[in-house]
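A quick note: this is a predicted structure, and the numbers were derived from the prediction, not measured. Below, chains carry the letters A, B, ... as their sequence lines are ordered, and counting in each starts from 1.
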There are 2 protein chains.
Amino acid sequence: MSEYEHLCMIRGDGGHTLRQILEQICNKWTLLVVATLDQQTLRFTDLHQRVPGISQRMLTLTLRNLERDGLVAREVHAEVPPRVEYTLTAMGRSLLGPALTLAGWAMEHVPHIEQSRAAYERRRT
Amino acid sequence: MSEYEHLCMIRGDGGHTLRQILEQICNKWTLLVVATLDQQTLRFTDLHQRVPGISQRMLTLTLRNLERDGLVAREVHAEVPPRVEYTLTAMGRSLLGPALTLAGWAMEHVPHIEQSRAAYERRRT
DNA sequence: CTGAATCCGTGCCGATACTG
DNA sequence: CAGTATCGGCACGGATTCAG
């Protein structure tokens, strides 16, 4: 049996819950937002600028989900103009290691993957 | 600067390529299929049964993408009935470590996340 | 500045039926 | 057994506007 199947059996739900959490984490923006908050507290606008390509709407939704899941702490300062700062919680920081490991893998293998795709296209011709 | 931002700078594309690869890997099914192929070569139907909830169509598409990216090898045996076996390539196996690390993180924190969600809902009331 | 609300197109994905 | 083909719902996500 694979290590993954062993992990699923512990939960005993056929991997359903695991899949849900993984989908939540691995969606279009979550991982990038968490990684950007590494080592730094950022305001909404700063995050908006540092995560290239994210829309205001998706940043808001992503941050709400992260806050809901307890990965990010949201602190509102009673000022005008408003200042809202986002920081990783302890659980959020604990995700950083695994997440960066995966991101590092992706960075390392980008050339190989692109090469494999090109070869596949040629074969398909 | 965060470690993630450092990773992006290496590529110099503002994280665009990295995001593409991560999306490819972290979509609804890819990670689960790769994890299921850990330590074992499986036929199409076996995979279909072992990945709970995946449709035939999505299994086909996922496998094609994995084959295209060089993560999975597809071997067709000239028999009747047909037998097609899928195996992780060296690059596919190298993904397993980071992927299982992330899956392990998710499994560990499922209780904490569920608890945090419940607390969030109560607060929102 | 930090959102919330709305509109709306695109494409993902499941269901179903069919093929070699 | 191992797919391909087709259709359709609907959720994701971008653009825009409005609000506190």
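Rounded to whole Å, atom P of C:dC1 lies 14 Å from atom CG of A:L47. If you take CG of B:D46 and P of D:dG3, they are 12 Å apart, rounded to a whole angstrom. Going from atom CD1 of A:I54 over to atom P of D:dA15 covers 12 Å, rounded to whole Å. Remark: C1' of C:dC1 and NE2 of A:H48 are 12 Å apart, rounded to the nearest angstrom. Per the geometry, CE belonging to A:M58 stands 15 Å off C1' belonging to C:dG3, to the nearest Å. Taking atom NZ of residue B:K28 and atom P of nucleotide C:dC13, one finds them 7 Å apart after rounding to whole Å. For A:R57 and C:dA5, the CZ to P distance is 11 Å, given to the nearest whole Å. In this structure, B:E23 places its CD atom 11 Å from C1' of D:dG13, rounding to the nearest Å.
Near DNA chain D, meaning a heavy atom under 4.0 Å away, the residues from residues 59-74 of chain B are B:T60, B:R64, B:R74. Within residues 77-86 of chain A, the residues having any heavy atom under 4.0 Å from DNA chain C are, by residue number, A:P81, A:P82, A:V84, A:Y86.
The side-chain heavy atoms of A:L42 and A:R50, taken from C-beta on, include a pair separated by under 4.5 Å.
Each of B:Q56 and A:N27 has a nearest nucleotide on DNA chain D; the 5'-most of these lies closest to B:Q56.
Across A:V72, A:L88, A:L61, a single residue satisfies side chain to side chain contact (heavy atoms under 4.5 Å, CB included) together with A:L66, and that is A:V72.
Separating the CG atom in B:L32 from the OG1 atom in B:T62 is a distance of 9.5 Å, to the nearest 0.5 Å.
Between the side chain of A:T89 and the backbone N or O of A:A73 there is no donor-acceptor pair closer than 3.5 Å. No donor-acceptor pair under 3.5 Å is formed between the side chain of B:H48 and the backbone N or O of B:F44. Not a single donor-acceptor pair under 3.5 Å links the side chain of B:S116 to the backbone N or O of B:I113.
Between D:dA2 and B:T45, a contact under 4.0 Å exists linking OP1 or OP2 to a side-chain N or O.
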Q: Take B:N27 and B:T30, measure what side chain to side chain donor-acceptor pair (under 3.5 Å) needs, and give me the verdict at the end.
A: CA-CA 6 Å; B:N27 64 19; B:T30 301; 2.6 Å; yes
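A:W105 and B:M91 get closest at one heavy-atom pair: CZ2-O, 3.7 Å. When all heavy atoms of A:L22 and B:A103 are compared, the closest pair comes out as CD2-CA, 4.4 Å. In plain terms, the two heavy atoms of A:A106 and B:I21 that are nearest each other are CB-CG2, 3.8 Å.
Recorded end-axis angle for the helix from C:dC1-D:dG20 to C:dG20-D:dC1 stands at 40°, based on five pairs per end and rounded to 10 degrees.
In this structure, B:R83 pairs ionically with B:E85, as a charged nitrogen and a carboxylate oxygen lie closer than 4.0 Å.
Closest to the side chain of B:R43, from the set D:dG14, C:dG3, D:dA2, is D:dA2.
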